[in-house]
Amino acid sequence: MCYHIGMRRSFRILAGLLVSVCSLPAQFVAFNDIGPGPGTSSNATLYSLSAPVSGALRNATNGSSLPVSVAVTGSGTVASITGDNPDPGTPAYTVFSSYVDFAGSGTVAYEVAGASAVLTYSFSGLNPAGEYNFQGTAIRGDSSYVNRWTLFEINGAVGFTSRHTSGTLTNGASTPGIAANQVAVNTGWNNSGDLAWWEHIKPSPAGTFTVSSKQYLGTVPGGSSAGTKSYAMSGFRLEEGGVYSGPTNVPVPVQLTNTVPNSINGLKTVVIIMMENHD
């Protein structure tokens, strides 16, 4: 928004002197969770293929509505009620902890199977002159599903750089079927917390771009097939700014475990000493 301020001095209007002051929107971080649970932030949006399917994103810091919107569309998807949170210390845990609950409740993800099934996030209201960064994934669980690979794809942006995490499949000689704007993630056994990750995203002149999810139908290096289905992106993070500025090291929660039967926190014997007439 721009404000035009006319300057006066000693009751005389200085003709021709006009100062134009333009206010720039503050940077933001926004999260969306398809299937919210106890670990979902109250400032995260909940757009999915069930209502609401579109609307304004919210500032993760204060919950205020942003001028940026997202619309969720899909074709051939199947609702899934099974999900899991990333292992502590993984990239997904670091980026999404306290904001997105991948285990959630109800429909926590959508299955995509075959060439026609797809789920798409369409972003609008972005600053065409600005840059953004984006992280997203899905987590079926710490199961043995080694053949549930999803192909995430960014489209409509003028430019971007890829910074996908190490366990993903990207464009290269070993994966000729993956284009430069795509990345494949094993969403069925994502205990490594791998993420689709793009930085320096330059939106279209209309202030838009999209991120879609579909099944990866190629062969995984090492001989594993792509399997019968995969899982669409169930949580994403969008930040205004060319590079990621979030946490890089989230402490792993301390959990006390009882490793010895019939004990208290591992202690088998408790001795109480009563001292008379002493503090």
> Within the side chain of D33, is there an N or O that forms a donor-acceptor pair under 3.5 Å with the backbone of D101?
Replying inline: yes
| said: For L57 and V70: C-alpha separation, side-chain torsions, deciding distance, then whether side-chain contact (heavy atoms from CB on, under 4.5 Å) applies. | reply: CA-CA 7 Å; L57 295 177; V70 66; 3.6 Å; yes
Given the rule in the ring pair (Phe, Tyr, Trp, His ring centres under 6.0 Å) test, do W197 and Y244 qualify, once you have shown the distances and angles that lead to the verdict?
CA-CA 9 Å; W197 189 310; Y244 173 78; 4.9 Å; yes
Run the ring-centre check on F31 versus F236 and record whether the distance is less than 6.0 Å. no
Between the CZ atom in R237 and the CD atom in Q135, the distance rounded to the nearest 0.5 Å is 5.0 Å
Checklist entry - Between S124 (side chain) and V68 (backbone), is there a donor-acceptor pair under 3.5 Å? => result no
query: Any side-chain heavy atom of M233 sitting closer than 4.5 Å to one from Y121?
result: yes
T40 side chain to G37 backbone, donor-acceptor under 3.5 Å
yes
Note: T45 and R58 closest approach over all heavy atoms is CG2-N, 3.8 Å
Note: T219 and Y216 closest approach over all heavy atoms is O-OH, 3.4 Å
In T168, N190, D194, T165, the residue satisfying side-chain hydrogen bond (donor to acceptor under 3.5 Å, both in side chains) with T137 is N190
### Message
Strictly distance-based, threshold 3.5 Å: is any side-chain N or O of T94 a donor or acceptor partner for the main-chain N or O of T90?
### Response
yes
Rounding to 0.5 Å, atoms NZ (K202) and OG1 (T161) come to a distance of 9.5 Å
Polar side-chain atom of N59 near backbone of F28 as donor-acceptor pair, under 3.5 Å
no
Closest non-hydrogen atoms of L126 and P203, given as atom of the first, atom of the second and distance, are CB-CG, 3.8 Å
Original post:
Is it the case that one hydrophobic cluster holds both I34 and V118, taking links as side-chain heavy atoms less than 4.5 Å apart, direct or via other members?
Top reply: no
Margin query: With a 4.5 Å cut-off on side-chain heavy atoms, are L195 and V95 touching?
Written below: yes
What one should report as the nearest heavy-atom pair of G141 and D84 is CA-CB, 3.4 Å
Legend entry - side-chain contact (heavy atoms from CB on, under 4.5 Å) between S80 and Y231, worked out: CA-CA 9 Å; S80 173; Y231 301 89; 4.1 Å; yes
Looking only at side-chain N and O atoms, does T150 offer a donor or acceptor that is under 3.5 Å from a partner on T187? yes
When rounded to the nearest 0.5 Å, the distance separating CD of E199 from CZ of F160 is 12.5 Å
_With clusters defined by side-chain heavy atoms of hydrophobic residues (ILVMFWY) lying less than 4.5 Å apart, directly or transitively, does L66 cluster with F209?_
yes
Indicate every side-chain donor-acceptor pair of residues 108-117 with a distance under 3.5 Å to a residue at least two apart or in another chain.
from: Y110; atom 1: OH; to: L49; atom 2: N; distance (Å): 3.4
from: E111; atom 1: OE2; to: K229; atom 2: NZ; distance (Å): 3.1

Would you say T175's side chain and G177's backbone share a donor-acceptor pair under 3.5 angstrom?
no
Hey, does S69 have a side-chain heavy atom less than 4.5 Å from the side chain of F123? no
Derivation of the side-chain contact (heavy atoms from CB on, under 4.5 Å) call for W149 and Q215: CA-CA 6 Å; W149 289 77; Q215 185 187 7; over 6 Å; no
- Task: Go through the side-chain N and O atoms of N43 and N62 and say whether any donor and acceptor fall under 3.5 Å apart.
- Result: no
**Item:** Any donor-acceptor N/O pair, N133 side chain to G241 backbone, under 3.5 Å
**Value:** yes
Nearest heavy-atom approach of A232 to A138 is O-CB, 3.2 Å
Anything under 30° is parallel, anything over 60° is perpendicular, the rest tilted; go ahead and classify F134 against W198.
tilted
| Can Y99 be reached from I139 by stepping across I, L, V, M, F, W or Y side chains whose heavy atoms are under 4.5 Å apart? | yes
In short, Y132 meets L238 closest at the heavy-atom pair CB-CD1, 4.1 Å
query: Given the rule in the side-chain contact (heavy atoms from CB on, under 4.5 Å) test, do Y47 and S54 qualify, once you have shown the distances and angles that lead to the verdict?
result: CA-CA 6 Å; Y47 302 120; S54 64; 5.5 Å; no
Side-chain donor/acceptor pairs under 3.5 Å, residues 178-186, sequence neighbours excluded:
from: N181; atom 1: ND2; to: I154; atom 2: O; distance (Å): 3.0
from: N181; atom 1: ND2; to: N155; atom 2: OD1; distance (Å): 3.1
from: Q182; atom 1: OE1; to: A179; atom 2: N; distance (Å): 2.8
from: Q182; atom 1: NE2; to: E153; atom 2: OE1; distance (Å): 2.5
from: N186; atom 1: OD1; to: G188; atom 2: N; distance (Å): 3.2
from: N186; atom 1: OD1; to: W189; atom 2: N; distance (Å): 3.3

